[in-house]
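One structure is given below, encoded as structure tokens.
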Amino acid sequence: MAAFHGESKMADTLPKGYEPHDVEARWRDHWQDNRTFTPDPDAQGEPFSIVIPPPNVTGALHIGHALNQTLIDVLCRHARQKGKNVLWVPGTDHAGIATQNVVERALAKEGKTRQDLGREAFIERVWQWREDYGHRILNQIRALGASVDWTRLRFTMDEGLSAAVRKVFVQLYNEGLIYKGDYIINWCSRCHTALADDEVEHEAHKGKLWKIRYHLADGSGSITIATTRPETIPGDTAICVHPEDERYRHLVGKTAIVPVLGREIPIIADSYVDREFGTGALKVTPCHDHNDWALGKKHDLEFLQVIDEDGIMKAESGPYAGLKKEDCRTKIVADIEAAGDLLAVEDLDNSVGHCYRCHTVVEPHVSTQWFVATTKMAPAARKAVPELTRILPESWAKTYYHWLDNIRDWCISRQIWWGHRIPAWTCAQCGELIVAEHDPSSCPKCGCTDLKQDEDVLDTWFSSALWPFSTMGWPEQTKDLATWYPTSVLVTGFDIIFFWVARMMMMGQHFMGQVPFHDVYLHALVRDETGRKMSKSTGNVIDPLEMIDKYGCDSLRFTLTAFAAMGRDIRLSEARIEGYRHFVNKLWNAARFALMNLPGTAPAPVALESVEGLHHQWILHRLEQVKQDMDKALEEYRFNDAAQLGYKFLWNEFCDWYLELIKPDMQDEARKPVAQYVLWVVLRELLLLLHPIIPFVTAEIWHALPVPAGEQPTDIALELYPAARPGCLHEAEAARMELVQGIIVAVRTIKAELNISPGHKVGLMLHPVDEAQAALLESCRQMMTTLARLEDLQIGAGLHAPKASASSVVGGCQVIVPLKGAVDLAGELARLDKEMAKLEKDLVGVQSKLHNESFVSRAPAQVVERERARAEQLLDAKAKMQALRQRFSEALNEE
């Protein structure tokens, strides 16, 4: 492996405390300056590739980004360790509507609009904004330690991706999969653009249901409709009822009169109508409702648009022309009520669509737009899962299927200026529509040179749908494309399964003939510690950059990984991040201890498979198990399991046990060389296991470890995963060690329960089950005496427990701690009596609340449940104190 030639450190020392900021900055610079993560497509190794979900160029790093980038980085660093040829492509999305809004707000502060600048000057202004601020999100991703290849940085508006967009548009148009036509779309009157169905966010809304009488034109009666949008009544062109509805069957074929407007409209029948909703009679407004549009087409109705692009009533709305649609609602309801035809107004909870960018209420609107025939492309994308691509967790596959099964053609034109302009031109002379990859100079039909390009730009998600192959150089047939497409896995949030995942599947299959990724891992949401969604309005947002500044990047990364259980939302708190900072410090301190006990160069090797010493055999056995288990967990995207395995091995086994067990070895010249080599190997391999999750601290410690004489420290990011040593798997020896550990833990537990100081030495009597167990315990006498803090240890089958003693059983061995001399029995009895009196008082208070019917019925359910849990805890504590008091009392009487 290549030596690390960055700023050197003494190889046999580390500072007393770990300060992450300087360490992180140094390694970020080293990895970027040395192009550590820039792969060669011709290099050996199985290709492994990931494309970054491109964050908006307007964005700032939030906790969801931090989770996503961390999980991807864990996969990439682990894949490199496995010898794979890894490419992680970084980049950003131009975010058409969002970016245009940002720049327009900046112009507004200058008292200008984009129209004041004109299209060309406005686009230049956006590019300048991107140059000044657009790299902020990339620097923040860099702060997370993302091992991307910065030399392959892409932007959805760069030259290469723009060429890909044009080629795709033209080819789909020529194949009849892109078309232009009048259609009802979602319209944002604030952004002045069309929105795709999945760009509309539906929010719960408390509205009204108005029941209005429409008189029949022949004077024979009336029909009552129910509507949530009376402002669209001027656009009514029919009333529809269910053909099997006995209430209205006799009215089908008649005409009714639109209130106030006085127009006659037909009464039609269609099974689409829900007979149970409202009155069972539906007013049909084809230009202002997606379902009504379909009815209008089916029944050949008149299409009457009465609300314009600004949300203003048009001339077609008669007396309401010029009013805002909200004012029209108020006025027309008042007019209908005055005429005596408003029969009822009911409260109604319904779902209202809002623009996903500015949150303005979206209006269904008929206009001329460009569409991709995704209804024709969806079947192949549906079939690909799970035959060619897995979606994890598997439960999300059902959502994916449902969306593709109910998909409508994708409206891809946007009435803004920032984005890929649609490559279509209209001839001023003959009206010919020209769609071409390169700007045409003349009309191919009549030769006219007066050509006008379409004013619209493409939906941002159009270019994003090409991301897995356009970022690798397509439409050029590059080595990158040949090596790394299809990509290995896509890691993203479940909320863009429609915006992005499904569309990439369609485009990848259509243009590359292959799915764009083999696996899709959809991570969950990061919520606050109580399970609430994070939002600025709630005030519960956790800023990842602030957490990195306070606790270091590794602490944040480990926290996110440790809680990233497949299919479960993460409940995050600053306290948890701070807690894992202690884990990082634990690793640092363990490394400092090791370095103080290791020579200046790597210890002389010993045959690990035949090493003697139960504690050495046990730690090597556990290391092999953890290597296997962590590798398998990451291969299966069980990030939390991998993190917890590493946590337990470092903290509970390596630090709490092994480092204590080898302290006597380090004082014995005969045993020291073996202990040093095992310590060096275990620490090195532990750093490799943890590196994908906490790259900075592991890189720093690795660089400080002693290396063989004449060699230089290497970069841990380029090291392979530790090789398996099957000969170090010692099941029997590990079981023996775990028996000894269990006895030591039992003694410590007895001390804690009896309020004996951990440092106070006690006597211990062990009653083994057989001679083999007795021999094992004798061989570990020094270990138990030291770690359990014993003043006397007796081992034998004939031992009898004194009456004043505490006992436990471990592996069949009876563990007995005599209490005489170990506990101030009288003092402990007095302390227990005092504590029990306080506990009894607390218990009476809680139980009186729970016996109070008024409290139980009126208090919030969570408060009542909390008090019940508290009562159970107090009762449990009381029982334990009573048992302990009984034991102390008997021991005192024995004295």
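The chain is numbered in sequence order, starting from 1.
Applying the salt bridge (Lys or Arg N to Asp or Glu O under 4.0 Å) definition to pairs two or more places apart or across chains, none involves residues 391-400. Within the structure, the salt bridge (Lys or Arg N to Asp or Glu O under 4.0 Å) test picks out the following pairs touching residues 368-387 (sequence neighbours left out): R382-D405.
Salt bridge present: R249 and E246 bring a charged side-chain N and a carboxylate O closer than 4.0 Å. In summary, D456 and K180 do not engage in a salt bridge, as defined by a charged side-chain N under 4.0 Å from a carboxylate O. With respect to the salt-bridge test (charged N to carboxylate O, under 4.0 angstrom), the residues D335 and K331 qualify. Between K314 and D308 there is no salt bridge, since no side-chain nitrogen of the basic residue lies less than 4.0 Å from a carboxylate oxygen of the acidic one.
Every residue meeting the salt bridge (Lys or Arg N to Asp or Glu O under 4.0 Å) condition with D347, not counting sequence neighbours, appears here in chain and number order: K208. For the side-chain hydrogen bond (donor to acceptor under 3.5 Å, both in side chains) test, residues two or more places apart in sequence or in another chain that qualify with S413 are Q369. With sequence neighbours excluded, no residue forms a salt bridge (Lys or Arg N to Asp or Glu O under 4.0 Å) with D116. Every side-chain contact (heavy atoms from CB on, under 4.5 Å) that R105 has, sequence neighbours left out, goes to N101, V102.
R568 CZ: 12 or fewer foreign heavy atoms inside a 6.0 Å radius.
The six-membered or imidazole ring of H420 lies near that of H94, with a centre-to-centre distance under 6.0 Å. Checked against the 6.0 Å centroid threshold, Y183 and W293 count as a close aromatic pair.
A cation-pi geometry, defined here as NZ or CZ lying under 6.0 Å from the six-membered ring centre and within 45° of its normal, holds between K297 and F303.
Using a 3.5 Å distance cut-off with no hydrogens or angles, the side chains of K211 and T227 do not pair a donor with an acceptor. With no hydrogens or angles considered, no side-chain donor-acceptor pair links D270 and H242 at under 3.5 Å.
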